[in-house]
Amino acid sequence: MRTLAPHEFRTLMQQPQAYLLDVRLPDEVAHVALPNAVNILLHELAAHAGEIPQNRAIAIYCHHGVRSAQAGWMLERLGHRDVSHLEGGIHAWADTIDPTLPRY
């Protein structure tokens, strides 16, 4: 699994084959989210791993990067090969890429 800085993550998520995965809780997603992200809770990820395409780059994020790293390791153990996560999560994204996003 690759750990990507916000500008690297932005480049990945702009690629047409990227699958953007948000592993945060619904109340976090309601507060702020990146466009086109699929939300699957971290604790439900193993049960839904079959819904995540094997042939696409997977770009995972959470609030600060801890849950997305766990999700990435899990998906790799389940056979996914092209997995990356956002270092520092959506908080770092807001600090670096889009300061207009709300923070929590």
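These figures come from a predicted structure and were not determined experimentally.
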Decide yes or no for I90 and H63: does some side-chain heavy atom of the first lie under 4.5 Å from some side-chain heavy atom of the second?
yes

Of all heavy-atom pairs linking R103 and A94, the shortest is NH2-O, 2.8 Å

When rounded to the nearest 0.5 Å, the distance separating CG of L101 from CG of L34 is 7.0 Å

So CZ of R2 and CG of D82: to nearest 0.5 Å the spacing works out to 5.0 Å

Smallest heavy-atom separation, L12 atom then A57 atom, equals CD1-CB, 3.8 Å

On a heavy-atom basis, which atom in S68 and which in C62 lie closest, and how many Å separate them?
N-SG, 3.3 Å

What I'd like to find out is whether the side chain of R10 reaches to under 4.5 Å of the side chain of W93, using heavy atoms alone.
yes

The remaining residues in the hydrophobic cluster of L42, counting side-chain heavy-atom contacts under 4.5 Å among Ile, Leu, Val, Met, Phe, Trp and Tyr, are M1, Y19, L21, V23, V38, I40, L45, I52, I58, I60, W73, M74, L75, L78, V83

Do you know which two heavy atoms are closest between E87 and A5, and how far apart they sit?
OE1-CA, 4.2 Å

Minimum heavy-atom separation for N39 to R24, with atom names?
ND2-O, 3.0 Å

With a sphere of 6.0 Å drawn around CG of N36, does it hold more than 12 non-hydrogen atoms of other residues, nucleotides or ligands?
no

Are V29 and L25 co-members of a hydrophobic cluster defined by side-chain heavy atoms under 4.5 Å apart?
no

Quick one, H80 and Q54 - any side-chain contact, counting heavy atoms below 4.5 Å?
yes

Should the ring pair H31 and Y104 be called parallel, tilted or perpendicular, given that the plane angle runs from 0 to 90° and is split at 30 and 60?
perpendicular

Residue pairs meeting ring-ring contact (aromatic ring centres under 6.0 Å, His included), one or both in residues 40-61, sequence neighbours left out, come to none

With T96 via side-chain contact (heavy atoms from CB on, under 4.5 Å) - residues at least two apart
P6

Least distance between heavy atoms, A18 atom then M13 atom:
CB-CA, 4.0 Å

